[in-house]
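Here the structure comes first, spelled out in structure tokens, and everything after it is commentary.
Note on naming: letters A, B, ... go to the chains in the order of the sequence lines (proteins, then strands), and numbering restarts at 1 for each one. Side-chain atoms are counted along with the backbone in the values below, which use heavy atoms only and exclude waters and symmetry mates. Remember, it's a predicted structure, so these values are computed and weren't measured experimentally.
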Number of protein chains: 2
Amino acid sequence: MTKKVDAKGRVSVPSAFRTVLTRLDIRDLYVFQDFVFPAISIAGPEVLERFERHIDQGDPFSMEANKMSLLIHGGGVFMKLDGEGRLVVSDFIRDFAGITDQVTFVGRGDYFQLWEPSALTRMQDETRRERMEQSVRST
Amino acid sequence: MTKKVDAKGRVSVPSAFRTVLTRLDIRDLYVFQDFVFPAISIAGPEVLERFERHIDQGDPFSMEANKMSLLIHGGGVFMKLDGEGRLVVSDFIRDFAGITDQVTFVGRGDYFQLWEPSALTRMQDETRRERMEQSVRST
DNA sequence: TAAAATCCCATTGACGCCCAATTTTGCCCA
DNA sequence: TGGGCAAAATTGGGCGTCAATGGGATTTTA
């Protein structure tokens, strides 16, 4: 699901994703740096709370928990779509995800990600290779 | 079972495959990139759910689980057939399977695949050759 | 007050849905 | 066994709707 960024730096969020958002009655989007990938994750506030709960389950003094907390709170901003369901691709998004003029949308249930197209395929190819090697080993 | 893509980019799914789908009462199709072959696999939504359940068993923040999620969610879309049982061959399908104007259908029990015709024969030849070499070694 | 962000509207294009024409298939009968 | 026929499948294309796009106009902010 790849879309072009227009001259004003906007991308229209595919209607499939917008449908999910409206069904969940989400108007304000929390846009943050993904925990493991060079991608931007976009979710409603309640998903944010879920992440926080998960972090709270761990050791509050662990490096892991603190890093994640930092990513969530320090690495995110609130945004909203314009009347036509478009999102402004800010420098925050461009820099972290390496996006220039194309964005690939990846839905993940109740939230979705923005990827630089080739970065996504690279990561997917890498994962496929790993899976292949695994199955070879188990032969 | 090779079919041509029409001027509008559609292929009619052979009735044999559609029969299977209707028998399983599948209206929405989960169309995803095959894990091992350069082909598109098409199945019902329950296949995606099975994948998701498998992922949910692990740590949602682990690299492992996230990579699998990326493969599943980033490599699959939902589609449905038109009134005459045709499927639009989107860029998503074309790019991954290398399909241009012809599609070969391969049934695999409860799901089926879309192949670029020559890619399928190449893969079959390769497999045949490997089997030959195996039998020679074991002689 | 200039630049940027936001809102608004017109146009384009893609897609779903429909109907008609044509081809293929399975079956019956001479 | 070879037609002939009816049903089913496939194919081609028209048309309306809505998402996507492009470009002003207007407001906000620094």
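- Atom CG in B/Leu81 sits about 12 Å away from atom P in D/dT10, given to the nearest Å.
- A/Arg94 places a side-chain N or O within donor-acceptor distance of the main-chain N or O of A/Val89, the cut-off being under 3.5 Å.
- Between B/Ala16 and B/Asp82, it is B/Ala16 whose nearest contact on DNA chain D lies nearer the 5' terminus.
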Listing time: all N or O pairs from protein to nucleotides 22-29 of chain D that are below 3.5 Å?
unit_1	atom_1	unit_2	atom_2	d
D/dG22	N7	A/Arg86	NH1	3.0
D/dG22	O6	A/Arg86	NH2	3.0
D/dG23	N7	A/Arg10	NH2	3.3
D/dG23	O6	A/Arg10	NH1	3.1
D/dG24	N7	A/Lys8	NZ	3.3
D/dG24	O6	A/Lys8	NZ	2.0

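- Distance B/Phe17 CZ to D/dT10 C1': 15 Å, rounded to the nearest Å.
- Straight-line distance from the CZ atom of B/Arg18 to the P atom of C/dT25: 14 Å, rounded to whole Å.
- The A/Ser15 side chain lies nearest to D/dA19 when the options are D/dA19, C/dC17, D/dT11.
- A/Arg108 places no side-chain N or O within 3.5 Å of a backbone atom of B/His73 that could act as its donor or acceptor partner.
- Side chain of B/Ser69 to backbone of B/Ala65: no donor-acceptor contact under 3.5 angstrom is found.
- Separating the CZ atom of A/Phe105 from the P atom of D/dA19 is a distance of 16 Å, rounded to the nearest angstrom.
- For the pair B/Leu87 CG and C/dG16 C1', the computed distance is 13 Å after rounding to whole Å.
- No donor-acceptor pair under 3.5 Å is formed between the side chain of A/Asp6 and the backbone N or O of A/Val11.
- B/Gln124 has its side chain within reach of B/Arg128: a pair of non-hydrogen atoms, C-beta onward, lies under 4.5 Å apart.
- Taking the six-membered ring for Trp and thresholds of 30 and 60 degrees, B/Phe32 and B/Phe35 have ring planes inclined between 30 and 60 degrees apart.
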